[in-house]
Structures are given as structure tokens and as C-alpha cells.
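Before any comments, here is the structure.
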Amino acid sequence: MAVTYQLQIGEEKRTAEVQQDEDGRVRVRLDNRWYDVEVQRINGGEVFSLIVEGESWEFTAVDTPGGFEVIIGPHVYPVAVGGMKTARKAGGAAAGADGTWTLTAPMSGVVVDVYVSQGDQVEQGAVLMVLEAMKMNNELQAQKSGTVQTVHVTKGARVDRGAPLITVA
Amino acid sequence: MAVTYQLQIGEEKRTAEVQQDEDGRVRVRLDNRWYDVEVQRINGGEVFSLIVEGESWEFTAVDTPGGFEVIIGPHVYPVAVGGMKTARKAGGAAAGADGTWTLTAPMSGVVVDVYVSQGDQVEQGAVLMVLEAMKMNNELQAQKSGTVQTVHVTKGARVDRGAPLITVA
Amino acid sequence: MFKKLLVANRGEITIRVLRACRELGIPGVAVYSEADRGALHVRYADEAYCIGPAPALESYLNIPRIIEAAQRAGADAIHPGYGFLSENAAFAAACREAGITFVGPSPEAMRLLGDKVEARRVMRGADVPIAPGTDFIEDPAEAVRAAEEIGYPVLIKAAAGGGGRGIRVVNSRQELDQALETARQEALSAFGNAGVFVEKYLDRVRHVEVQFIADRHGTVVALGERDCSVQRRHQKLVEEAPSPAVTPEIRRRLCEAAARGARAAGYENAGTMEFLLDRDGNFYFLEVNTRLQVEHPVTELVTGVDLVVDQIRVAAGEPLGYTQDDVKMVGHAIECRIVAEDPYNNFLPSVGTITFVREPAGPGIRMESALFQGMEVSVYYDSMIAKLIAWGADRDQAIRRAHRALTEFKVLGVHTNIPFHLQLLEDERFRRGDVHTKFLEQEFRLERTLPTDGIDAAFIAAAVLAAERDRRGLQLQAGTNGTAPAAGWRAAGRVAQVRGGIQYRGMGWR
Amino acid sequence: MFKKLLVANRGEITIRVLRACRELGIPGVAVYSEADRGALHVRYADEAYCIGPAPALESYLNIPRIIEAAQRAGADAIHPGYGFLSENAAFAAACREAGITFVGPSPEAMRLLGDKVEARRVMRGADVPIAPGTDFIEDPAEAVRAAEEIGYPVLIKAAAGGGGRGIRVVNSRQELDQALETARQEALSAFGNAGVFVEKYLDRVRHVEVQFIADRHGTVVALGERDCSVQRRHQKLVEEAPSPAVTPEIRRRLCEAAARGARAAGYENAGTMEFLLDRDGNFYFLEVNTRLQVEHPVTELVTGVDLVVDQIRVAAGEPLGYTQDDVKMVGHAIECRIVAEDPYNNFLPSVGTITFVREPAGPGIRMESALFQGMEVSVYYDSMIAKLIAWGADRDQAIRRAHRALTEFKVLGVHTNIPFHLQLLEDERFRRGDVHTKFLEQEFRLERTLPTDGIDAAFIAAAVLAAERDRRGLQLQAGTNGTAPAAGWRAAGRVAQVRGGIQYRGMGWR
């Protein structure tokens, strides 16, 4: 039995095929190359051990819309997975289906300053506002270039974690 | 709502009453004395935090036939609990309902020597046999004084963990 | 010795103090806010008392509730840890009034040194070098004269500030009037005290501080210096001992200055004198921290002294038991503060539940933390969740061990600054010891690169996970904070590069 | 330096060596049996290869499979750890033949020192004190003469034995003939070599050993002694450095003897020379362990040396880089071997799945383990699951820290000997340093007492658990190994006693 997926990390893309024979041996093809693979979930928990032709990797993984985040050492690999039958529904506050992006409050806090208004052009990485939380002023940046569509909050407002703050179209 | 239990650790006995009022406050009576008690299970896991009128205890617990083992620091308190509606069934290989006691193999290994035969009188603590496992010769002791009823194994036998070895009546 | 000691704090420092209590055979008492009922410091303590709701103002800063808990427990000593009430003279006074020993300096010494202008005066009198500057500025014209004399840029500092707060840089005459006015207003609103003064602004300097401890019997011992130049917005992130910039001769002068200053202030117990050190080996008094520091373990590792045990012993009136001549620094120690923040998203604090944690261990590694699986990292308290401290026979070994340990450290559920520390320890400038207090802000840039060999492993992992889910319905945790797939990431061939002497291959727990 | 290093071992020592590799920037390779697929050492390594089924004979003792794995990985060095193949000269020779550097002494030195009679001869020649005794005994009459001359009791020892194996005590002439015959037969069946010799039996002596390391360039350095007198059936349980019984003068003589002996044997890399030390300060050569010892960390903590890093460096041909004069012992270190066994049931090995583990940390504590939640402690391998090592400025502080750390150590799923260690560290005789190799067996008795205040807490806990189960169906793990409610337990008022300077109150994580 074999299944095929389209995988992507940043600019890198692979077509992957996963084969498992009767005695549990797993082989994975990335584009044209086959790998002998052994995976073991440790204690049914967060940690997986992966051995790929002698190379030993330890990873953990979490669900994301449209794929997984695979965490190896200090690095987080966001893997988009195409072709999965049972993918978690895409969506969520961060990335709208309509191509907009909404900045949400990463934690509860108080809005100290808002630097943009509706209609402003913003570049990815620009500081949009300052949220005070954990005794610190935290500058929140645009993760997308575009036009400010909505500013949901005003200076001095208390916001809860996850509250929409600014939408960029 | 209150429930009452008969508790015993070794020679020590207590009657315990547990009261919980609407806002979750718990009070426990041991014989004639009431204690204000706060218990919290940490992360739904193995560890409980118990605060008894300011004294802070951390414990873990496992089921035993007829009660619990409460583990506090390096100490294991075997608590027999009477009056529990949902007690785990007593029994198991170790203590027979008929008053016999059967020595079972604490690990897989090889029987190096058997020091007793059917009909022998043995004292609690006497070494009954030697089992080799983990590269060591392990002397297995009688946990009950009495008469050897059955010797289930012979010298040189390979035994699995849990296998009955010797029954004392 | 004390009958019972209460720690008026939370987190790793509370466990640090409770460990010292246990080693001394003194029962230890914890206090906790409603948010911390299940916290490790509560479980470690022999006794624990709730002192109020989650916000620190209502619990860990609540003096009456803490004194009440100490009285209920029958504690005859209180250790304040760091932060919270540790430099609050009113708290030390409240302890004294309640007949409880405050493990720290007297309220009088705390007040004296808490006022920066007073502290400068005392230090000047004790022949401790201070940066050129003024006393209180009453008249703006005075500030202008002083600034001209000192030479721009200058700093305007709040007398009641500290730890980098209440400081403004003034680059020219044009900025001065406005800056002075703003500084006064800010100082008044932040510290309840409008007093400000002018001080020379020193550029490209190192933050070097001397740990000292004094007993009631006249012994003052300086335990060498720590270098805390790796800071972001005045927040220390990496500290080490000894300083790569301090020669034995500078060390001798630093230690003598700190001891003179401590004596002049009538100081008892542990304290830290902070200095700025310029490239010519000149140092200038900055302030005294009248408490145990976050970074005290690096001093402990190179001197062998147990600062917390000694704090408790001298607070109980015991003589320190060693003198300046007994102090030898052996090897090198380095501390990495592990903070729950997202290094790739402007170091935003990261909150959530720790779903998995594995802490480093092994040769040369000391961990100080209160982490456990299931712990909530909340908005209420400081976001530092652990300290990783490494000792080595020399600086290079200490850095290698710290780096190795960072690769072992696994925390799931919140973001941490571990990637920042890894890159810093690989940085050639850092490894040469060539940093200053603005190094992070001006010269260091966190890379957003992913190792190439990890990319294929991640692809294989994702393919297997997808197949497992399709076949057997594999369940995983949902991603934290709805992290957006990082657009800025790019693959980079970091594998098998050797940079700054640390090889990337062998990053392990890869 | 090596391109890649394979560790032919498992468990904590493999992680210890892999950590050194990572700090040196050398990719590390693990091998594993089928039982160890999920083990920590496999996950820590950069590469990992399966070398056979669970039984050690088919995997960790399987020389061809290990050499094959090294060749497949392209490893140019193999570290054997301790146990398994670490003292197997044939393995060292097989490595050499395969063109792989064995991190340890030459096969020739291993063979020479592995033969006790040969080793005695070499040491006698190097002026190392040896216990009165014989060479090989061929003729029983020779044994009788020797025993009469030496004086009973005497030991009959297998020439090929070691680590306490193959030794019989003979108390009188009557026992001699029978003992000699049995010893020969046992030696033949156990070691494939019937050679035996007679040696003086020394009573109430200490086990003291000297760590040394030698490079290829003629440098031999002795790193001071360790005291390993706390043993049960020749199994070391607690080790410390320095020995409480060794004066600077004895230390100098011990170190000089060890260095002379190492030179005489043509020794390269790390080794340990074991001695018996009597109450008059006389010491007698016992044997040389031609490998890294379990207890090497106590030497590392007091000398600051990284023995594993140095082993790898000298195996690669580098000069050691320091001399005898550079070695300074600072403070005191003590190691507790944490073994999966039931101290209350005749120290029977305890097997099972680790369902929860929390390891100690904090000031002065170094942990070496490969523990994780979900780990299987199986019958196949050694039952030591962790090493807890504490450093203190003096012996008292090291003991207090070790004791404190033991109270923090929580392992569920198997029994451990932690209660034994706690009681040992509280024992007045141990705290005075007044022990010998038979102390545990002859003078120490593990108490089966439960602290009284814990009894009421346990009652309250059980009452609450019972109520939770009745109300809400609380689920708990089933007890391990069907432990019978211990009939021998009795309550005892251990609370608030101070014994041996350690107070029981404040036992914490109580």
C-alpha cells in the first residue's frame, strides 16, 4: 500500500510517497530518491524517533492548518501537506481565506500605541502597534505587506489573547 | 455530602470522613480531628499536591488490592481502605484467598538453586531459592511463615516474570 | 540559625532558596498566588500559604499578606529572592517591625543605595570611580552647564530609577530642555520622585558587576566580577564569570572598589555593585543591586561559594567564615536566561501550557528552573522560565558545554529564545569576547535559516505523519499560538559548517 | 581529530560520551539492540545502527556487528564505555585490525593487566606496594606454605578474575585444600583459565583507587584518588573524592605509585589503579581497570578535568596538555549509584516501565542518566539507571547536597535504592568517614520505618483518593510488581530528629 503527498517548506517542494510492507518496514520516496525509514513514537507521547538510513533524528510535531510543524532541535519546519485525506481544516484568525491577514493579540494586555490607520500601506515587518503585557512593551509586526483594512482597537484598550487587532488586505 | 472509610497502615488505624462543600472546599476527619485540605492533581498526571493546613505534601499513588499505595518522597505508605464502593478486587498471585502465599518470579530468569522442599517449615524472611537475572544471583525470601505446600520449579529452569515458584500454606 | 524561613517569591529562585534551606536543615515556607497553586515551588516547600489572586500587586507584592503568612507559619526569616519586593525598603522595614529577619541588607542601606544621587555621593566618598556627572539638577541651566562640561552625549537619569529604567540619552544642546522636562515627569510618574541628574554617556562599554557579601562582624568579601554585556533593552540575557575583558589587575581594583563601597554604605548580606567598563580598562560605578541577582550562579560556579546559604548564615548573625584571600576563581561559567518569547517574532512574550519539557544535564551543566509538564506560562509574571549555567575549565569549554546543553533543551507549548542563545554562542564576536552593552541591538541579527539536512528529515517526518493519520488516525497537539507558517524562513546549508569553533553537525536531539 | 566516533555501549555512559563528542564537534554514532530502539542514547546520537536482539551476547557483546556498524557509518574511532566490551582485549584488537582507533589502552596492556598474577609482577617491579602473596600456584603444598607464611585468613584469587569475581576467603588450613580445588574449577568455568594465586586477606580496609591518564608522548598524570568503600557484594554503591582517609602525604604516594605502575605497563589513555588502604595508611595494589569507570565524575568534579574529552584527545594522538603539577583537587564530590532494585526486599532487581521521572538539579548537582518516561527497565542489562553526583566546598556540603537532591528524585514504575542512599548519607559512621569495604554487609541495616507526620498525610491522601474514586471514578496506575503491603513496616517518629547533622524535617517533595 502506498500513498502520495505534496510537501512544501518555504520555497522547497517535494513529492513524497510512503510505502509500508507487511512486516512494518517503511520506505519513503522524496521526488526520485527512496529512503529506508524507521519511526517510533516514544511512549505514545510528544516525541518521535526517526532513523533514516542510519541518521538519527528526534522530532516532535504539531498540527497546523494544512499540514504539520515538525520541530527538530531548535528548528521549526512548517510543512504544508497536500493530498492528506484527513487534514485539519484550514482557517483560523491569522490567515483569512480571502487573502487578508489579521494581527491577533498574542497575549492579554493593554494597547499602548497604534501606529497605523485604515488605508495605510504597510510593509511586512513594519511595527503596527505596541501591546503591553508581562511588564513589557511588545512591538507587533505585520506578517504581510498590504493595506490596512481595519483597526479593531484603540490606544488604552485591554485586549484578551486572540482578539483581532489589525487586518491587512 | 460525606463519606467514611476505615484506613490502616501497618498497625496504625484511622476512621476517615471526607466532606466537600459546594465551593469545593474539602475537609477530612481522622478519628476526632478535622483538617482543612486542598488537593490538586498536577496536569492530570501521576503527581498530586496536598496542602493540609499549611503543610505542603507532594504524593503519587497507585492502586493495590484493597486500597492504595501512597508514595511520599522516598516512602511508600501501603494504605488499606475499608468502605470504598469501588475498590479494586483483592486477589492476585501473591496472596491467595485461602491464606496461602505464593512466591512469584519478580523478573524473568534462571533458577540457580532451590533451598526448600514440600513439607518444609519456613520462617518469614528465610531464603527459599536463588534466581539469576540481570547478571546477578537474587535470593528470594518467604514473606510468610508456614509450610511449603508446593515447589513449582526445579533448579536450572527458565522462568518468566510472574511465574509461580513456591507456595507456602 | 533560623527555625523556619519563608521565601517571598515564586519560580526558580524560590526553589533555589528552598534547596538551600533543605541543605541547612531549615524548614522552608512558600507563598503562592491563586494562579500558582500547582507550581513547583509550592510542592517543594514544607509549608505553603496562599497570599492572593494572580496579579502580583495583590499577591507577591502584597506586604501585609506575606507578613501574615510568615506569622501563621511561625517563620523567623524571610528571603525575598529577586524582583518583586526584594529591593523594597518598606518590606524590609515591615519584616523588622514584625520581628522577622529580612535576608538582605537593612532598610537604611537599601534606601541609601536606592537613591542614585545619594549612592553616587557615598561611592565618591569611598573613592569608587563614578562617571562624570552631577548631583540633583534643580535648575535647567545647571544641566546645560554640566552637559557642556562633560561633553555630549549625556544621560539624564532618574535618581530613583534602576536596572536601566528612567534613563534618557541626550545627544545635543537642542534636545536637552525637552529631555529634562520629560525625564522629570516620567520619573515622577514612574517612581514618585522627580529627582534627576546628568551623567556622561559612555559608548561601547561593557557591563561588569562585582558580587560581594558582608557579615555583621565587619568582614566584606568581593567574589570577583560577572560580565553581563549581552543585553537587549537593558535586559540581561547572558552573563559570565570572569569577564573576558578583565585582567587580574582590573579585577583587583574592581573588587577593592566594591568592598570599599559596601563598607561605606554600611552594607550587610549579599549585594552587587554594577560598573561600566570602557576599552581602556577604566570603570565607573553604575548602581548597587541590594539583593541576590538572577545571575548569581556563575559566581558560585567559579568561586565554589554557595551565596544563598551564606546569605542565610550571615542574616542569622554568623560570621562569613572566609576572607578575601580565600577567594579563588577557578575556570569559567556562563549563564543563558531561557525566556518564553518568540525570537522570530520580535521577541514577543509567549504564553501557554508547557506540554513537554526535557532539561539538559551532564558534565558542567547546572539547571535552575521550576519547569514541569503542565505548567502554565502566564501573562502575570516574568517570562524567564529557566537558567542554564555551564562551567568549563576555560571560556571556550564553558561555551561549548552551554551550546551542547542548549541543543538538549526541549520545551513544547511556548516559544523560547533557545535559538537565539545557540546563534549567540556560535557568533565569532561573542566567542572572541568582543561585545558591549549595545552589541545585540546594533551588531547582532538572528538568522532565520533552516539546516538543509533537517529539511529532508522534516519532509520524511511529515510524510510518515500524514500516512499514519490517513491510516490510523494519528492524533497530535494543535500548534501553539496559531503560528503562521513563517514566510521569512529559508533553507540554508548550515550543515557541517564550522563557525566560531562549533560544528553544526552533531547538533543532536536534532 | 576523529571524523566520527561510535560508542559501543548503551545507557547513561553512551550519552556521556556522545555529549563529549558534541562538545568536540565530532559526529557521534550509537548502536542499539532491538530492545533499545527508543532509548535515549539512540535519539541523542547523530547516527544509530541496530546490532542485534536484546540479549547482550547477541548485540552489545557482538564484536563483528559492532565493527560492521562502525564501518558502515564511517567511524574512525570507537569508545567502549564501561562494562560490555570495555576490557575485552580481543575487541580492542579487532578495532585495530579494522583500522579503527579504540579509545582506551592497547590490547597488549589490557592483556597484561587483565592477568592478575602478571599485573602483580609488573607492579612489584615498578615498586608499587602489593599485598603479600604468591604467583601462580601449581602445587597445593605451595599454597599451604604460602598461607602459613602470610598468616590466615588468606584469599585464593583467580588470575583472570576482576571486579571482585573469582575470590574465596580461606580462614584456616582445614579449608585450604577444598577451597583451592573449588577455586580452580570455578576459575576455569568462569574465565576459561584455571590459574589461581594466594594473597593476604586484609580486613576492615578501604577501597581507594587512583584515576590516571597517559598520552602517547610520555605524559602520565594521576588525578587523585576516589574512595569506593561503600560496597555490597563487591558492587560499589557510593564513591567519593577525595577519600576521607587519605592525607596529602598518602595521596602523593598513591599518585606516584599509580603513575609508576602505568608507565611500567606501557599504558596509554585513562585507567584506574585500585588499592586497599589499611588503617595505618599502608596501601596494596589490587588491580588496574583498563577503562573509564562508572565513578569517573567525582574525579571530574574535584579536578575540573573532562576525562572523556581527554580520552578522545589522547586516543587521537594529541598531547594531554597538562602535567601532574597542574592537578589541584578543589572541594569534595560524592556519587550515588541509583539502581532499580527493591531495598526492602533483599535488593532484588526491579524491572518495569518508568511511568514518571523527575531528576534532581540545582547547586552542586550533576546528573548522569538515560531516563525518560516510558523507558523499559528490562532484565537484559545492568540495573543501574542513573548516577547522582554532588559537589560541595567540603565533604559535609557534598553530603548535604547529595541528600537534598535524593529527596527531589522521583522515579515511578520501578523500585530504586534511593531510600538506602538517604539513610546512608544520614548515617553517623558514614558522615564521620568511618567505613570499610564490609561496612554495608556487617554494620549497616536499612530501616523499615515510616515518618509519623507522613502517616497522617498518607491517611488524608488515601481518604481523598477513595472519595474521588467513589464520586468521580478517579483512575490510577496499578501497583508495580504486585507489591505486597509490607508487613515489616512500622511507624517511627523520624520527624524533626537531627541525626548525623541532617534534619529529617524538610525532606521535601515529601
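Treat the numbers as computed from the prediction; the structure is a model and nothing was measured. The chains referred to below are lettered A, B, ... by the order of the sequence lines, with proteins before strands, and numbering in each begins at 1. Values reported hereafter were calculated over all heavy atoms of this structure, with side chains retained and with hydrogens, waters and symmetry mates removed.
- When heavy atoms are compared at a cutoff of 4.5 Å, C:E12 does not approach chain D at all.
- Looking at D:E359, there are no atoms closer than 4.5 Å to chain C (heavy atoms on both sides), in backbone or side chain.
- Proximity to chain C (any heavy atom under 4.5 Å) is shown, for D:R401, by both the backbone and the side chain.
- Distance CD1/D:I365 to CZ/C:R366: 10.0 Å, rounded to 0.5 Å.
- Distance CG/D:L24 to CD/C:Q397: 9.0 Å, rounded to 0.5 Å.
- Between chain D and the residues C:V330, C:L18, C:D306, C:V305, the largest count of heavy-atom pairs under 4.5 Å involves C:D306.
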Between C:R22 and D:E408, is a side-chain contact (heavy atoms from CB on, under 4.5 Å) present by the stated rule, with each step listed?
CA-CA 11 Å; C:R22 194 171 294 175; D:E408 297 175 7; 4.2 Å; yes
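- Taking each heavy atom of C:G304 and D:A393 in turn, the nearest pair found is O-CB, 4.1 Å.
- Here C:Q373 contributes atom CD and D:Q373 contributes atom CD; the two are 6.5 Å apart, rounded to the nearest 0.5 Å.
- Between C:R19 atom CZ and D:R404 atom CZ the span is 5.0 Å, to the nearest 0.5 Å.
- C:Y44 contributes atom OH, which lies 5.0 Å from atom OG1 of D:T407 (distance to the nearest 0.5 angstrom).
- Between D:R358 atom CZ and C:R43 atom CZ the span is 6.0 Å, to the nearest 0.5 Å.
- Using a 4.5 Å cut-off between heavy atoms, D:P363 contacts chain C through both its backbone and its side chain.
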